[in-house]
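Heads up, the thing below is written out as structure tokens.
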Amino acid sequence: QKEVEQNSGPLSVPEGAIASLNCTYSDRVSQSFFWYRQYSGKSPELIMSIYSNGDKEDGRFTAQLNKASQYVSLLIRDSQPSDSATYLCAVSNTGGFKTIFGAGTRLFVKA
Amino acid sequence: SQTIHQWPATLVQPVGSPLSLECTVEGTSNPNLYWYRQAAGRGLQLLFYSVGIGQISSEVPQNLSASRPQDRQFILSSKKLLLSDSGFYLCAGANREPTEAFFGQGTRLTVV
């Protein structure tokens, strides 16, 4: 079983729609959860972090965490063509000594 | 905020040649440091992480090694490159709290 699993996609949504990205993880003691965006040929950039159960909103982005189900999600509202990228889910243990990434979900936003 | 400097941006090396990639960190002290590799169209594979000077944990047995000679310097090395070592190498740093990792610009290595 992979430590962090994501649907590879591609996920295609029309401009203005909500994009929903999902991630599951296997280590129950994981403490910190992150979403990164990676454009083709570039390094990942952090867009959201979440540490406790529930929702966390930042602009058009909402991260959701459910530790009991070992599930993290990212919602992108009012999707824009510039949101087209690969979204990486990352999970780290206590102290962040070891951060493991999922394989990423490719998102296409159609104008 | 911390900044990760990584160089070179691209590198073409023949099979069997040595490798040294360097990464330095600005804007923080005593960070956790990481080397990741990303194959084309794939996710990030954690290669090494370090919680302090001289402390290296290896995640994947292979012909690569890492060293941390200074608090904010992290080096990835190989004595003899293989074709399978080609990929996008990323250095990342993270504070102890919060633990978000920030990445350098990456080195695209092609072994020919």
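Reminder, nothing fancy here: chain letters follow the sequence lines and each chain counts from 1. The shown structure was predicted, so the numbers you read here are calculated from the model rather than taken from an experiment. Quick note: numbers below take in every heavy atom, side chains included, and nothing from hydrogens, waters or symmetry partners.
- B/Leu19 and B/Ile75 fall into different hydrophobic clusters, where Ile, Leu, Val, Met, Phe, Trp and Tyr side chains are chained together by heavy-atom contacts under 4.5 Å.
- In this structure, the side chains of B/Leu46 and A/Thr99 stay at 4.5 Å or more apart for every pair of heavy atoms.
- Using a 4.5 Å cut-off between heavy atoms, B/Gln45 does not touch chain A at all.
- Taking non-hydrogen atoms and a 4.5 Å limit, the residue list of residues 81-90 of chain B in contact with chain A, ordered by number, reads B/Phe88, B/Leu90.
- Against chain A, the residues from residues 102-112 of chain B that qualify, each with a non-hydrogen atom under 4.5 angstrom away, are B/Phe102, B/Phe103, B/Gly104, B/Gln105, B/Arg108 in number order.
- Heavy-atom neighbours of B/Arg42 CZ from other residues, nucleotides or ligands within 6.0 Å: at or below the threshold of 12.
- By the rule that hydrophobic residues join a cluster once side-chain heavy atoms approach within less than 4.5 Å of another member, A/Leu107 and A/Ile18 end up as members of separate clusters.
- Linking Ile, Leu, Val, Met, Phe, Trp and Tyr whenever their side-chain heavy atoms come within less than 4.5 Å puts B/Leu76 and B/Leu11 in one cluster.
- Looking at A/Glu45, neither its backbone nor its side chain comes within 4.5 Å of chain B, counting heavy atoms on both sides.
- Cluster membership check: A/Val72 shares its hydrophobic cluster with A/Phe61, using side-chain heavy-atom separations under 4.5 Å among Ile, Leu, Val, Met, Phe, Trp and Tyr.
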Q | Derivation and outcome, side chain to side chain contact (heavy atoms under 4.5 Å, CB included), residues A/Leu88 and B/Leu44 | A | CA-CA 9 Å; A/Leu88 302 169; B/Leu44 274 66; 3.7 Å; yes
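- Within the model, atoms OG of A/Ser92 and OH of B/Tyr34 stand 6.5 Å from one another, a figure rounded to the nearest 0.5 Å.
- Note on A/Ile50 and A/Leu46: same hydrophobic cluster, where clusters join Ile, Leu, Val, Met, Phe, Trp and Tyr whose side-chain heavy atoms are under 4.5 Å apart, directly or indirectly.
- Top candidate by heavy-atom pairs under 4.5 Å with chain B, chosen from A/Ser49, A/Gly104, A/Ser40, is A/Ser49.
- Heavy atoms only, all atoms of each residue included: B/Glu100 and A/Tyr36 are closest at C-OH, 4.1 Å.
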